[in-house]
Trainee: 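Questions regarding the structure given below will be posed in turn.
Numbered from 1 within each chain, the chains take letters A, B, ... in sequence-line order. Any value given below was found using the heavy atoms of this structure, including those in side chains, with hydrogens, waters and symmetry copies removed.
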There are 2 protein chains.
Amino acid sequence: MQFSTKERILGAAEMLFAQHGFAGASLRQVTSAAKVNLAAVNYHFGSKENLINEVFRRRLDELNARRLSTLRAAQTEANPRLEDILAAFIKPALALSLDRNGGGAFVRVLARAYAEHNESLRKFLSDNYGHVLKEFAAAFAALLPTLDKQELYWRLDIVSGALTYAMADFGVIKRRGAVSEQAHCELAAEHLIKFASAGLRER
Amino acid sequence: MQFSTKERILGAAEMLFAQHGFAGASLRQVTSAAKVNLAAVNYHFGSKENLINEVFRRRLDELNARRLSTLRAAQTEANPRLEDILAAFIKPALALSLDRNGGGAFVRVLARAYAEHNESLRKFLSDNYGHVLKEFAAAFAALLPTLDKQELYWRLDIVSGALTYAMADFGVIKRRGAVSEQAHCELAAEHLIKFASAGLRER
DNA sequence: GTCTATATAAGGATAGAC
DNA sequence: GTCTATCCTTATATAGAC
């Protein structure tokens, strides 16, 4: 087998959580899709709840590492543009949906997690990845020195909302038959960056 | 009793769907919260699935009627501004969260519904309320005659995303202690309208 | 580490008395 | 229209053989 039992469970869980939600996807469905025994979940993860946590950790570590490295690369430029900072925030997130082995499913899991409004999950995300947001906020503030801090936070919140929505492909934009997943993703990133830079610069 | 059994079930279901999701909230929880008998759900609604549909219909009819009447009022003005059309789209939606008797819960149910990616629900929303979006798109197109149609759809999609996110109060914006729910909502609407009008006008 | 078998609980739905 | 009682299915979790 190419993938271990543990990895197959994580992959199947991600897919089924995206499809049916955390409560809606049963461990029976998961283990059946992963082609492992029902009891394997409790052996490897202890409980369904912990399995959910591990599904998140598997992707978010890498996503935020990419965001930060791209951000820092942009900041070493002589004259970083607002669009570059936005790209560092947006592109790795949208690119995640192109990852082979279920990245597309994961972004929908993420959207569900937001909708869940789950306090313990918010805490998990804030504790583990809050510093990333802080670093981006500082980078935007440096490029928009006349913008009030509170005003900046409002606008970054709007950008995050539009990004979350775009990641999960909620929208009504219909892909033309010939447009590949990758091309759609790049188009979405371009439009978001353009729209957001105008909104952020507005005075 | 002030509310009928049917209304109490709808209210309790809305609250619990917001809290635990459609799969996560059981009919036993719903009927217990509504202080009605378990069998009452099947008597009044036939099934859990149909109960979910009725929870949506109860709010969306009024929301979209308000959006359309505000839009049409704005359009009778001599020189309607882009901001007015945006306000007609955004303000009734955010105001919904202020409705007494569970409007706040409903917007979270709506966010969950988006995250569900449920095809039959998308069809329901599209069939019943798609004409509203069309009318708004036409109004925006009239005010932005140089903007390519496809480009306009992309941007409206971004606005919808940010609005959905704001409605569900996903964001990281902390309300200062003294800021009321209503004031927060009005601030959110103002920021969204300002940000979105800049993004839409961008060339 | 993986299996079968099962304990135990909770779910949606319904039948039938009142 | 509302109740109790119950059917049937599905769920999570675990025990114990291999």
Trainee: Starting from P on D:dT9, measure out to NZ on B:Lys48 and report it in whole angstrom.
Mentor: 19 Å
Trainee: Which sits closer to the 5' end of DNA chain D, B:Lys6 or A:Val41, going by the nucleotide each is nearest to?
Mentor: B:Lys6
Trainee: Got a sec, which pairs hit ring-ring contact (aromatic ring centres under 6.0 Å, His included) with one end in residues 52-77 of chain B, sequence neighbours left out?
Mentor: B:Phe56-B:Phe106
Trainee: Could you pull out all donor-acceptor pairs under 3.5 Å where a side-chain atom in residues 191-198 of chain A meets a protein atom, sequence neighbours excluded?
Mentor:
residue, atom, partner, partner atom, Å
A:His191, ND1, A:Leu187, O, 2.9
A:His191, NE2, B:Glu151, OE1, 3.1
A:Ser197, OG, A:Glu83, OE2, 3.4
A:Ser197, OG, A:Ile193, O, 3.0
A:Ser197, OG, A:Lys194, O, 2.9

Trainee: Quick one: pull up NZ in A:Lys48 and CZ in A:Phe17 and give me the separation to the nearest 0.5 Å.
Mentor: 5.5 Å
Trainee: So, under a plain 3.5 Å distance rule, would you say the side chain of A:Arg28 forms a donor-acceptor pair with the base of D:dT10?
Mentor: no
Trainee: With a 4.0 Å cut-off, would you call A:Glu14 and A:Arg58 a salt bridge?
Mentor: yes
Trainee: Rounded to whole angstroms, how far apart are CD1 on A:Ile52 and C1' on D:dT12?
Mentor: 13 Å
Trainee: Kindly compute the distance separating CD1 (A:Ile90) from CD1 (A:Ile85), expressed to the nearest 0.5 Å.
Mentor: 11.5 Å
Trainee: So, is A:Ser26 near the phosphate of D:dT10, with a side-chain N or O under 4.0 Å from OP1 or OP2?
Mentor: no
Trainee: Holding to side chain to side chain contact (heavy atoms under 4.5 Å, CB included), I want the full list of residues that pass it with B:Ala138, two or more places apart in sequence or in another chain.
Mentor: none
Trainee: A:Asn37 or B:His44: which one's nearest nucleotide on DNA chain D is closer to the 5' end?
Mentor: B:His44
Trainee: Do B:Gln29 and B:Ser32 have side-chain N/O donor and acceptor atoms under 3.5 Å apart?
Mentor: no
Trainee: With a 4.0 Å cut-off on heavy atoms, is B:Ala39 in touch with a base, just the backbone sugar-phosphate, or nothing at all?
Mentor: base
Trainee: Indicate yes or no: does A:Glu135 engage A:Arg72 in a salt bridge with an N to O separation below 4.0 Å.
Mentor: yes
Trainee: Which pairs would a plain distance check flag for residues 37-47 of chain B, meaning a side-chain donor or acceptor within less than 3.5 Å of a matching protein atom at least two apart in sequence or in another chain?
Mentor:
residue, atom, partner, partner atom, Å
B:Asn37, OD1, B:Ala39, N, 2.9
B:Ser47, OG, B:Asn50, N, 3.3

Trainee: Which is the 5'-most and which the 3'-most nucleotide of DNA chain C that has an atom under 4.0 Å from a heavy atom of chain A?
Mentor: C:dG1 to C:dT4
Trainee: Can you measure B:Leu27 atom CG to D:dT9 atom C1' for me and round it to whole angstrom units?
Mentor: 14 Å
Trainee: What stems, by residue range, does DNA chain C take part in, given at least 3 consecutive Watson-Crick or G-U pairs under 3.5 Å?
Mentor: C:1-10 with D:9-18, C:12-18 with D:1-7
